[in-house]
Amino acid sequence: MALSTTVSQKKLIKRKAPRGFLKRVFKQRKPHLRLETTSDLLVHLNCLLFVHRLAEEARTNACENKCGVIKKEHVLAAAKVRSEFLFFITVALKHHLVRHLCLV
Amino acid sequence: MADSYSRDSEPTTRTLLRRVLDTADPRTPRRPRSARTDVQRALLQTPSSRRLRSQTKTTARRCSNRARSVDRLARVQASGHLEEQTPRTLLKNILLTAPESSILMPESVVKPVLAPQVVQASRRESSRGSLELQLPELEPPTTLAPGLLALGRRKQRLRLSVFQQGVDLGLPPSQEPHGNADASSLTSSLNLTFATPLQTQSVKRPGLARRPPTRRAVDVGTFLQDLRDTSLALAPPDTVLEDTQPFSQPLVGRSPSVHHSLPCCSHSGAKDVERAASRRTWSSGLGLQNNGAGKAAQLLAGNVEEVDALAMGFPNISSNISGEDGVEPLQNGVGEEAEERMEESLREVEKAAEAQGSARAEELEGHIEVTEAEGSWGAVEAKEPEGSSGDGDTSGRTASPELASSTPEFLRARRLQFLEPAPPPSTAVLPSEPPEPLSARLPPKPRIPGSRPRQDPYKTGLNHYAKLFSFYAKMPMEKKAVEMVEKCLDKYFQHLCDDLEVFAAHAGRKTVRPEDLELLMRRQGLVSEQVSLHVLVERHLPLEYRQQLVPCAFSGNTVFPAQ
């Protein structure tokens, strides 16, 4: 695994997926369910994409406020914008499940 | 030569050797000596014969004198031939020197042991009857002599004492020490050289020989008095122990079977701790502290069950340990168990403290922390800082008025004792560790399984994604913003798990599979007709993960991962 990415960042970032952490979290929340190994990586991918979108949104908010630093309220606003479709899934799932299945 | 074969006469070793020397092939230097040896033999044999007949020391002395004179003559003659250090010459020297002792001892040795010696002599003669005197033959006697010298010395001394007793009492000395003289008279004669000085001294100074031990008759009266004194000495501690057990009565009411036995041993342990901090007393001290903690718990009336369990656990351990001496691994294990239980009770106590009053809970905490400190101290040396810190905590937290209110006196005294020795080891080791390690060591045994692990690893996992957030943002972030991100991530994980559960249940499965994940991402809008999952995988995941996720064709008409 590539431990770090030296793109243009001074920080070193781990690219490794915290598979144990993800599995433990899932087990704690849903002990009656099981998580496959390959889906573990996809969960990590999902998290990455979520974080990516959230960061983009927060950066946009900070730039709009013309702040050089991302602040708490920027993040909050970004979360509110982005969390809506997260909630939307769980709330509307049971109603639209049949219809959305055809998308698969 | 005829005399040499007269076996009916006294067959002493000397005579035997004489015979051997004579019968052996004489070397050239032997010849001129043969005449002298015959003379000596004749001279010596007559005293020996006379010795047997007369059984008095005076005659023996006379014979010895005569033999000595003869020996001196022989030595003078023999010294001239010292350049020839043959075994013969050595043996001859031995024989010459022997008579001094043999004259005296054989009086007792020869007379009663005549029969066995005859047998042995015959055996020896047969063994030495070989014509040639060779070194191997000669070696056994010389080697036997030093080997059996030590044994013979003791036996000779025994015999000497027995002989003297016999002489005193007029009884013949016992035959058993002579019966086992396997080395027969040669070694005995050799050994006699060592024995005779004693005898001569004893004979010369009868006062020093058998000084009776200065014993006085046992005074029964004084003995009984001593017994009474010791019993009195023993009694007061028991009474003192019983007196200093103010809490034993309530404990007896609680659980007479287990706890009643404890206070006695625990008090003895208390006393021992005062004197010497031994390991065993730690266990008893633990039991003691446990009793105190149990009593304090009674006051709380909230954690009685837990502390009872704790107390029950400790007596079992201490009773098991008290029987053994210095079993360190066992005590280490006990100490660890004690610590764990202490931590459990401590956490439970903390909970109770929040619910109930703070003062009493703190007291119990203090008790348990002290005991925890004790347990840690007694168990492992490395845990001393924590113990000392725990003591520091108790000293800082539990003020004296709180202590005075409900703690028994001995408990306070014990805590003082522990506080006293605690600072020295803390100063000796390193008092730099703050209470943090103590609190850090509490987590290993959480009350609710998952309450504590949820904190640290969960935080580290969220930290990982928070760092990724800051990386993706490409802008400096505040600490509060990072915390905010972590909260969002927490909520995100919750929703994620719920969604996956629904999807898996919809598919009639209990295992979340990649299809469920793909559905989730499709619903999120990440995956669409233009952007497939594989594309996303390729973009954002490292190559190794891509190989596992995206099926790829390999050589040999294989596809990995298999679909």
Side-chain angles (χ1 to χ4, degrees), chain A residues 1-2 5 9 11 13-18 20-22 24-26 28-30 32-39 41-52 54-56 58-59 62-63 68-72 74-76 78-79 83 85-87 89-90 93-94 97 100-101 103-104, chain B residues 450 453-454 457-458 460-461 464-465 467-478 480-481 483-485 488-489 491-502 504 506 510-526 533 536-537 540-542 544-545 548-549 561:
Chain A
M1 287 302 136
T5 56
Q9 294 280 334
K11 297 185 233 174
I13 295 178
K14 295 181 199 175
R15 289 290 190 193
K16 234 169 100 169
F21 162 73
L22 292 172
R24 196 192 305 129
V25 166
F26 190 77
Q28 280 176 358
R29 298 272 169 87
K30 312 285 176 186
H32 56 277
L33 291 179
R34 281 187 249 163
L35 194 65
E36 270 194 30
T37 55
T38 47
S39 55
L41 296 171
L42 288 172
V43 167
H44 174 66
L45 175 66
N46 207 355
C47 296
L48 279 180
L49 293 170
F50 166 74
V51 164
H52 190 55
L54 201 63
E56 288 290 335
R59 194 157 74 100
C63 287
V69 181
I70 292 174
K71 289 186 181 173
K72 195 171 158 188
H74 307 145
V75 175
L76 267 174
S83 65
F85 73 89
L86 284 175
F87 294 123
I89 291 172
T90 54
L93 193 66
K94 287 176 186 175
L97 190 59
H100 284 277
L101 275 175
L103 291 170
V104 179
Chain B
R454 186 174 281 185
Y458 193 67
T460 51
H464 180 229
Y465 288 111
K467 283 179 192 171
L468 280 170
F469 180 94
S470 64
F471 170 71
Y472 283 131
K474 294 185 179 65
M475 279 172 70
M477 291 179 65
E478 288 178 351
K480 292 183 182 178
E483 291 171 6
M484 199 63 217
V485 167
C488 294
L489 277 168
K491 282 188 187 172
Y492 163 75
F493 277 125
Q494 284 178 6
H495 292 297
L496 181 77
C497 291
D498 296 334
D499 291 345
L500 288 175
E501 182 185 6
V502 169
H506 175 74
K510 287 190 179 176
T511 311
V512 175
R513 299 194 66 193
E515 296 90 47
D516 303 331
L517 265 293
E518 193 177 346
L519 179 62
L520 175 73
M521 291 174 76
R522 195 175 283 274
R523 291 189 62 90
Q524 283 182 353
L526 295 168
L533 181 61
L536 288 174
V537 166
H540 295 96
L541 289 186
E544 291 80 6
Y545 295 151
Q548 292 178 16
L549 286 168

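FYI, side chains are in, hydrogens and waters are out, and symmetry mates aren't considered; it's all heavy atoms of this structure. Per chain, numbering begins at 1; letters A, B, ... match sequence-line order.
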Could you have a look at B:Leu489, B:Leu541, B:Leu526 and say which one has the most heavy-atom pairs with chain A under 4.5 angstrom?
B:Leu526
Chain A interface, residue from B:Leu517, B:Asp516, B:Val537 that has the most non-hydrogen pairs under 4.5 Å:
B:Leu517
Most heavy-atom pairs under 4.5 Å with chain A, out of B:Glu501, B:Met521, B:Glu518, belong to B:Glu501
Contact winner vs chain A - B:Ala504, B:Pro561, B:Cys497, B:Cys488, heavy-atom pairs under 4.5 Å:
B:Cys497
Flag side-chain contact, heavy atom, 4.5 Å: B:Leu536 against A:Leu49
yes
Rounded to the nearest 0.5 Å, what separates atom CZ in B:Arg513 from atom CG in A:Leu42?
12.0 Å
Scanning both residues in full, the closest heavy-atom pair of B:Tyr472 with A:His52 reads CD2-ND1, 2.8 Å
Parallel, tilted or perpendicular, as decided by the 30° and 60° cut-offs, for the rings of B:His464 and A:His44
parallel
Can you confirm whether A:Arg59 is buried at CZ, in the sense that more than 12 heavy atoms of other residues, nucleotides or ligands lie under 6.0 Å from that atom?
yes
Would you mind telling me which of A:Leu76, A:Asn46, A:Thr38 has the largest number of heavy-atom pairs within less than 4.5 Å of chain B?
A:Asn46
Taking side chain as everything from C-beta outward and backbone as N, CA, C, O, which of these in A:Leu35 sits under 4.5 Å from a heavy atom of chain B? Side chain, backbone, both or neither.
both
Please report the shortest heavy-atom distance between B:Glu478 and A:Val69, naming the atom on each side.
CG-CG1, 3.7 Å
With the side chain counted from C-beta on, respond yes when B:Leu500 and A:Val43 share a heavy-atom pair under 4.5 Å apart, and no when they do not.
yes
Indicate the atoms forming the closest heavy-atom contact of A:Leu48 with B:His540, along with that distance.
CD1-O, 3.9 Å
Relative to chain A, which segment of B:Glu483 carries a heavy atom at a distance below 4.5 Å: side chain, backbone, both, or neither?
neither
Using a cut-off of 6.0 Å, state whether more than 12 heavy atoms not belonging to A:Lys72 lie near its atom NZ.
no
Counting heavy-atom pairs under 4.5 Å with chain B, which one of A:Ser39, A:Pro18, A:Ala58 comes out on top?
A:Ser39
Would you please classify the geometry between the A:Phe50 ring and the B:Tyr492 ring as parallel, tilted or perpendicular, with 30° and 60° separating the classes?
parallel
Minimum heavy-atom distance B:Ala481-A:Lys71, with the two atoms named
CB-C, 3.9 Å
Heavy atoms of A:Ala55 and B:Ala473 approach each other most closely as CB-N, 3.7 Å
Please name the pair of heavy atoms, one in B:Tyr458 and one in A:Arg29, separated by the smallest distance, quoted to 0.1 Å.
OH-NH2, 3.0 Å
What's the separation between atom CG in A:Leu54 and atom CE in B:Met484, rounded to the nearest 0.5 Å?
9.5 Å
Is A:Phe26 close to B:Leu496 at the side-chain level, that is, under 4.5 Å between some pair of heavy atoms?
no
Under a 3.5 Å distance rule, please check whether B:Tyr545 uses its side chain to pair with a backbone N or O of A:Leu45 as donor and acceptor.
no
